[in-house]
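These notes are about the structure you will find just below.
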Amino acid sequence: GAYESGKVGRLDPYTLVRQPHTILRVVSWLFSIVVFGSIVNEGYLNSASEGEEFCIYNRNPNACSYGVAVGVLAFLTCLLYLALDVYFPQISSVKDRKKAVLSDIGVSAFWAFLWFVGFCYLANQWQVSKPKDNPLNEGTDAARAAIAFSFFSIFTWAGQAMLAFQRYQIGADSALFSQDYMDPSQDSSMPYAPYVEPNTGPDPAGMGGTYQQPANAFDTEPQGYQSQGY
């Protein structure tokens with residue numbers, strides 16, 4: 001995937017959806033829907049004797065609440081970072097680009113941890129649930145699905161954190177985060193080089209994952225200013 005843009009703020013949608021971190025975000029978004037949707041729809045059972053609903057996970061309302069809360073918040077977080085992926089080429093400040101990628105690393109790692117906790121919590125409460133509480137085995141498939149997709153979400157979010165870290169490393173070595181590079185707009189014959197994700201194929205141009213755009217994409221300082229090496 002590449003931010004192949006000749007002008008600031010222009011991003012080809014086809015290029016966006018092929019980026020590995022964008023694909024993982026969409027997958028994580030779908031997984032979060034499965035988790036909170038399963039619990040909301042079938043995670044609460046009716047008790048004929050008590051006339052009240054109870055959580056399918058060992059009658060523990062905290063287990064259902066945790067699964068729903070993490071699922072809904074992960075759903076919203078995915079949408080936020082998908083929006084950031086679209087907006088990223090328009091960010092002209094080098095510091096803001098660094099912050100965006102660093103926040104991606106931190107937030108993704110944090111959600112991987114929350115999903116790990118959620119998986120352990122739900123799986124444990126499911127194991128100790130009493131069969132007599134659910135003699136008809138209602139909602140068991142949904143309960144297992146929520147546990148399974150909590151487990152899968154650990155890896156999709158950890159993958160997002162790893163890809164963001166790779167982007168940060170590439171950016172530190174290239175013009176993605178640097179103001180100290182030649183202005184290609186001074187030479188109309190020079191094509192704009194695409195941003196190359198690591199390990200996505202051969203590198204015939206020898207760019208090595210560099211990213212070049214017109215200077216106004218990054219230059220927040222007066223012309224001629226050379227920033228310290230990052």
Side-chain angles (χ1 to χ4, degrees), residues 19-47 50 52-88 98-169 198:
Q19 294 178 116
H21 57 273
T22 304
I23 294 169
L24 269 184
R25 285 199 223 290
V26 173
V27 171
S28 299
W29 181 71
L30 293 173
F31 286 179
S32 70
I33 294 173
V34 172
V35 173
F36 79 75
S38 297
I39 298 174
V40 168
N41 290 327
E42 300 186 59
Y44 293 92
L45 303 178
N46 290 307
S47 171
E50 300 166 28
E52 293 181 358
E53 285 188 334
F54 62 89
C55 179
I56 195 170
Y57 297 102
N58 194 34
R59 285 179 169 260
N60 185 347
N62 292 331
C64 284
S65 298
Y66 185 91
V68 171
V70 172
V72 170
L73 290 173
F75 171 88
L76 296 173
T77 303
C78 284
L79 291 181
L80 175 66
Y81 276 88
L82 281 169
L84 182 64
D85 286 343
V86 174
Y87 181 68
F88 191 84
K98 284 182 189 175
K99 286 178 185 176
V101 179
L102 281 172
S103 74
D104 195 357
I105 299 171
V107 169
S108 297
F110 177 66
W111 278 107
F113 171 74
L114 288 183
W115 280 118
F116 174 74
V117 172
F119 165 71
C120 293
Y121 189 22
L122 293 180
N124 170 262
Q125 292 301 298
W126 180 246
Q127 284 182 325
V128 298
S129 296
K130 301 173 184 63
K132 65 179 178 135
D133 286 336
N134 187 13
L136 301 179
N137 286 328
E138 295 176 85
T140 53
D141 288 342
R144 291 191 182 100
I147 294 171
F149 283 92
S150 293
F151 180 73
F152 299 150
S153 293
I154 298 170
F155 299 99
T156 61
W157 283 96
Q160 286 181 64
M162 289 176 61
L163 288 173
F165 182 68
Q166 281 186 332
R167 290 170 72 206
Y168 185 79
Q169 285 186 312

Worksheet item: Hey, which of F31, F119, F155, W115 is the one that makes ring-ring contact (aromatic ring centres under 6.0 Å, His included) with F149?
Response: F31
Worksheet item: When rounded to the nearest 0.5 angstrom, what is the spacing between CG in L73 and SG in C78?
Response: 11.0 Å
Worksheet item: Heavy-atom distance under 4.5 Å between the side chains of H21 and D85, does that happen here?
Response: yes
Discussion item. Holding to ring-ring contact (aromatic ring centres under 6.0 Å, His included), I want the full list of residues that pass it with Y44, two or more places apart in sequence or in another chain.
Written reply: none
Discussion item. Run L24 and W157 through side-chain contact (heavy atoms from CB on, under 4.5 Å) and show every step you take.
Written reply: CA-CA 8 Å; L24 269 184; W157 283 96; over 6 Å; no
Worksheet, complete the sentence: With sequence neighbours left out, the residues meeting side-chain hydrogen bond (donor to acceptor under 3.5 Å, both in side chains) with Y81 are S103
Worksheet item: With a 4.5 Å limit on heavy-atom distance, are the side chains of Q166 and L163 in contact?
Response: yes
Worksheet item: Can you name the side-chain hydrogen bond (donor to acceptor under 3.5 Å, both in side chains) partners of Q125, sequence neighbours left out?
Response: N58, N60
Worksheet, complete the sentence: Residues at least two apart in sequence or cross-chain that pass ring-ring contact (aromatic ring centres under 6.0 Å, His included) with F116, listed by chain then number, are none
Item to complete: Measure the shortest side-chain to side-chain distance between I56 and W126 over non-hydrogen atoms and say whether it is less than 4.5 angstrom.
Response: yes
Worksheet entry | Residues which pass side-chain hydrogen bond (donor to acceptor under 3.5 Å, both in side chains) with T156, listed by chain and number, not counting sequence neighbours | S28
Response to the item:
Those residues at least two apart in sequence (or on a different chain) that pass side-chain contact (heavy atoms from CB on, under 4.5 Å) with F165 are I105, Q169
Discussion item. Between L122 and S150, is there a side-chain heavy-atom distance shorter than 4.5 Å?
Written reply: yes
Discussion item. Listing request: all salt bridge (charged side-chain N to carboxylate O under 4.0 Å, His left out) pairs with a residue in residues 103-117, at least two apart in sequence or in separate chains.
Written reply: R25-D104, D104-R167
Discussion item. For S32, give me all partners under side-chain hydrogen bond (donor to acceptor under 3.5 Å, both in side chains), at least two apart in sequence or on another chain.
Written reply: none
Practice prompt. Measure from the ring center of F113 to the ring center of F110 and say whether it is less than 6.0 Å.
Written response: no
Fill in: All pairs passing salt bridge (charged side-chain N to carboxylate O under 4.0 Å, His left out) where residues 115-131 contributes a residue, at least two apart
none
Below 3.5 Å, can you tabulate the donor-acceptor pairs from side chains in residues 139-148 to any protein atom, sequence neighbours excluded?
unit_1	atom_1	unit_2	atom_2	d
T140	OG1	N137	O	3.4

Check: residues 62-71 side-chain donor-acceptor pairs under 3.5 Å, at least two apart:
unit_1	atom_1	unit_2	atom_2	d
S65	OG	P61	O	2.9
Y66	OH	L114	O	2.9

Worksheet item: Which residue pairs pass the salt bridge (charged side-chain N to carboxylate O under 4.0 Å, His left out) test when at least one of the two sits in residues 55-81, sequence neighbours left out?
Response: E50-R59, R59-D133
Fill in: Non-hydrogen side-chain atoms of V101 and F88 separated by less than 4.5 Å
yes
